[in-house]
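The block underneath contains the structure these notes are about, expressed in structure tokens.
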There are 2 protein chains.
Amino acid sequence: MSQMLQIHEQLREMILSLDLGPGERLTERWLESRFEGSRTPIRAALVRLEGEELVRRDGRNWIVAPIDLGELEALAEFRIPLETTAVRLACARASEADIAGVEEMLDACQSGAPREEWHRVGTDFHVEIARLSGNPFIVKAITGAMTRLSRARWLEVWTEPSREQAWREHRRILGFIKADDPEAAAREAADHIKDTRDRLLRSLNEDRRGLRARGFAVIGLR
Amino acid sequence: MSQMLQIHEQLREMILSLDLGPGERLTERWLESRFEGSRTPIRAALVRLEGEELVRRDGRNWIVAPIDLGELEALAEFRIPLETTAVRLACARASEADIAGVEEMLDACQSGAPREEWHRVGTDFHVEIARLSGNPFIVKAITGAMTRLSRARWLEVWTEPSREQAWREHRRILGFIKADDPEAAAREAADHIKDTRDRLLRSLNEDRRGLRARGFAVIGLR
DNA sequence: TATCCCAAATTGGTATCCCATACAATCCAG
DNA sequence: CTGGATTGTATGGGATACCAATTTGGGATA
């Protein structure tokens, strides 16, 4: 694999895992030594990450994209029509084997699993459901939205009850798809998105100070 | 403005105007002489265009993204939930001045206007409506979808009745938003998207041969 | 001590340079 | 004449050199 893709992937991982703080400055020269490559592939990786909005220009400089928690509302508003459409289509189009695949994924994540696992499965569930819709544009949009949410979602998996609540909701959505009940599945999906949004907003209000220290922008949050 | 952004913009324009044929190969060296810049900014522009899916890798080579007309169905399926949501939100949130702005845009495009104008306004209308929703994610998704549709839409503006039909539908959608009738606006928007899809598919079937010569991939189209 | 100013270092933008490789034309063997 | 090895050439990937601009740090001065 090309060096550029490797750097892109590693850097992406570092950003999404909060290993690199939101808003942190990235100099091409630092990345150069960090990844032992020259600026050419590093610049390509940065341009690419800029497209995914994980990195952004700040004047002439590169910074890790800050997390704008004010976006949480708009993001939920965006996801609801898309994911309700996705589950409806999934009812019509998904094979039993497809559904079983998603079910396995959920089952594989039990109480004892590490936070990282919950985080990953919680994201992948939505992407996989989108995939069941058979519409590549929906898949791409949901993937992008989940990426955008990804860093904020570390808040959710930090507390156990929150994790388990989300897991139960995922199960219910999948249950309705399995039972081929599109309207119930859509309702459940919309509720789940709202619940997640509310859970996140609540976590935020509980500890604004701590969050700010972690690089979360709490401004503009009601 | 940086050279890279200039090159990006020019190349983008050449692709969207079909000045560069879909599927056409782009060599970095040719672009180098074409834009009188070195490979560094050209490569950055290519990576960026790759993110917009206007350019793609074919092995190690760069090619102008082919047009996959089989996507038309999926694209409409994607747009409907988003745009119906957008017009509903627009009813709730758009100011009269905002609406008047869009109205002016439509008025500015009269019968005598050149094809390019119809094409641009036909795209911008949807983006502006999305903007009235106040949701940046919806705006971005619609912008992306319209970009994706952009090259195929040259087919639509090639014939006069088709243009005028679309224009009437735009007026009706805007009328319902102005009258603050969200459900009617949503219904109208969904119908318009379906109509557009059907118009395009009909144009396609009328002249497959000619299209193929223009670089449109007609495969996988029923 | 506070402030201002200039030199030096650092940064991103651009231009080349070198290299491995994919592809093609060519040439020789059968 | 045909087919396969070979060599030549153009291409993209990566490294490096150079530049302009911006930042920074320290020292002279009020």
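Values reported hereafter were calculated over all heavy atoms of this structure, with side chains retained and with hydrogens, waters and symmetry mates removed. Protein chains get the first letters and strands the later ones, always in sequence-line order, with residue 1 at the start of each. If you're wondering where the values come from, they're calculated on a predicted model, not measured in any experiment.
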### Message
Each nucleotide in nucleotides 8-16 of chain D should get exactly one letter: B, S or -. Can you fill that in based on protein heavy atoms under 4.0 Å?
### Response
---BBBBBB

Could you pull out all residues at least two apart from [X] that satisfy side chain to side chain contact (heavy atoms under 4.5 Å, CB included)?
X	result
E28(B)	R39(B), R43(B), L46(B), W62(B)
A65(B)	R151(B)
R34(B)	M14(B), W30(B)
S38(B)	T40(B), P41(B)

### Candidate pair L174(A) and I129(A), rule side-chain contact (heavy atoms from CB on, under 4.5 Å), full reasoning
CA-CA 8 Å; L174(A) 192 61; I129(A) 292 294; 4.1 Å; yes

### Task
Walking along DNA chain C from 5' to 3', note the first and the last nucleotide with an atom under 4.0 Å from a heavy atom of chain B, and give both.
dT14(C) to dT21(C)

### Query
Where along residues 46-56 of chain A does a heavy atom come under 4.0 Å from DNA chain D, residue by residue in number order?
none

### Task
If dA30(D) has a Watson-Crick or G-U wobble mate with both distances under 3.5 Å, name it; if not, just say none.
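Its partner is dT1(C) (Watson-Crick or G-U wobble, both distances under 3.5 Å).
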
#### Entry: Where at least one partner belongs to residues 80-92 of chain B, residue pairs that pass side-chain hydrogen bond (donor to acceptor under 3.5 Å, both in side chains), sequence neighbours excluded
R79(B)-E83(B), E83(B)-H126(B), R88(B)-E183(B)

### Task
Sequence neighbours left out, what passes side-chain hydrogen bond (donor to acceptor under 3.5 Å, both in side chains) with K140(A)? Give chain and number order.
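K140(A) satisfies side-chain hydrogen bond (donor to acceptor under 3.5 Å, both in side chains) with E53(B) only.
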
#### Entry: side-chain hydrogen bond (donor to acceptor under 3.5 Å, both in side chains) against R29(B), all qualifying residues, sequence neighbours excluded
none

### Task
Would you please name every residue forming a salt bridge (charged side-chain N to carboxylate O under 4.0 Å, His left out) with E117(B), sequence neighbours left out?
R120(B)

Could you give the side-chain donor-acceptor pairs of residues 95-105 of chain A under 3.5 Å, partners two or more places apart or in another chain?
unit_1	atom_1	unit_2	atom_2	d
S95(A)	OG	A97(A)	N	3.4
S95(A)	OG	D98(A)	N	3.1
S95(A)	OG	D98(A)	OD2	3.1
D98(A)	OD2	S95(A)	N	3.2
E103(A)	OE1	K178(A)	NZ	3.2
E103(A)	OE2	K178(A)	NZ	3.0

